[in-house]
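Questions regarding the structure given below will be posed in turn.
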2 protein chains.
Amino acid sequence: MADKKHSHEDCKKNILAVHDAMDVLNGKWTISIIAVLCFHQQRRFSDILADVKGISNRMLSKELKEMEMHKLVKRTVQDTQPITVLYELTEYGRKLQSVINNLSDWGHEHRKKVMGK
Amino acid sequence: MADKKHSHEDCKKNILAVHDAMDVLNGKWTISIIAVLCFHQQRRFSDILADVKGISNRMLSKELKEMEMHKLVKRTVQDTQPITVLYELTEYGRKLQSVINNLSDWGHEHRKKVMGK
DNA sequence: TTACCTGGTTACCTGAAGGTAACCATTACT
DNA sequence: AGTAATGGTTACCTTCAGGTAACCAGGTAA
């Protein structure tokens, strides 16, 4: 990785790869949820519900299930008084770390540009 | 940028930043179009139409307009025989380069994992 | 004058993504 | 018996993003 070549074939492959990535990362909330799990390594259902502004428990449940299917997150049930469920990124999901960091940096700049100025 | 701090406040800010970024980058085709413009610096309308598999001219037109409004892309009309229109990323849009590269890398891995194995 | 190329626009319609809100199972406290 | 907290599920409904397909306008050229 790192160095991008510039043959026509490589362009196509890269464009396709981005498309493939977005197939998994679509959905209104997916990226935001991954971001939450990037910045807090472990997080409970109700925590994520609070972190991601505007999401409903229904949608959070749905998205987490789908992300679990895609092997992006791991679900762990803890046998506490009222049951608690921990979500965390899998090793695979953690590879999106740099995507999220870059998005975060860009988002900060974007916010400055839109709000400030 | 680069080093992420870990106070509660910073988490919130980062999560918010990612959310802000996604506000602009939502839409089924946005990221794919940006990818095309990352990998070919300049591209005509009909080229992008061919590069992004499945998109219709209507949607491409809409998305490009929106991206222009958001100052992500620049539109240049060339006074050729049948008119040609060039699209390219603005300096601002080019800052998404690393996001796209990371997504491309991840997409390649993802494809291997899903297809291969 | 018919047809083709460009880069779109317009009207119309549909499906699925997502919202709302009520409900559920378990345990525990009072 | 009632209530609270956990982490969901279910049913129902609505919106709008996006698809399809036809059309447009300027220029070319046979």
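Computed from a predicted structure; not experimentally measured. The sequence lines fix the lettering, A, B, ..., with proteins before strands; numbering per chain opens at 1.
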Item to check | Inter-residue atom distance B:Lys71.NZ - A:Lys113.NZ, 0.5 Å rounding | outcome: 8.0 Å

Checklist entry - Does B:Asp47 use its side chain to pair, donor to acceptor, with the backbone of B:Arg44 at less than 3.5 Å? => result yes

Next on the checklist: One thing to verify: whether A:Lys95 and B:Glu109 come together as a salt bridge, which I'm taking to mean a side-chain N less than 4.0 angstrom from a carboxylate O.
Outcome noted: yes

Checklist outcome for this item: Here the residues of residues 26-33 of chain B within 4.0 Å heavy-atom distance, strictly under, of DNA chain D are B:Gly27, B:Lys28, B:Trp29

Checklist entry - Using purine N1 to pyrimidine N3 plus N6-O4 or O6-N4 for Watson-Crick, or N1-O2 and O6-N3 for G-U wobble, both under 3.5 Å, which nucleotide pairs with D:dA30? => result C:dT1

Item to check | A:Asp20 side-chain N/O to A:Ala17 backbone N/O, donor-acceptor pair under 3.5 Å | outcome: no

Checklist entry - Do the ring planes of A:His110 and B:Tyr92 sit parallel (below 30°), tilted (30 to 60°) or perpendicular (above 60°)? => result parallel

Next on the checklist: Given the structure, check if the side chain of A:Asn57 and the base of D:dG8 hold any donor-acceptor pair shorter than 3.5 Å.
Outcome noted: yes

Item to check | Heavy-atom closest contact (B:Trp106 atom, A:Leu72 atom, distance) | outcome: CZ2-CD2, 3.6 Å

Checklist entry - A:Phe45 CZ to D:dA5 C1': how many Å, rounded? => result 14 Å

Next on the checklist: One pair to check against side-chain hydrogen bond (donor to acceptor under 3.5 Å, both in side chains): A:Asp10 and A:Ser7. What are the steps and the verdict?
Outcome noted: CA-CA 5 Å; A:Asp10 286 328; A:Ser7 78; 3.2 Å; yes

Next on the checklist: I'd like to know if the side chain of B:Thr30 and the backbone of B:Asn26 have a donor-acceptor N/O pair within less than 3.5 Å.
Outcome noted: yes

Item to check | Sub-4.0 Å heavy-atom contacts from residues 58-89 of chain A onto DNA chain D, ordered by number | outcome: A:Arg58, A:Ser61, A:Lys65, A:Arg75, A:Pro82, A:Ile83, A:Thr84, A:Val85, A:Tyr87

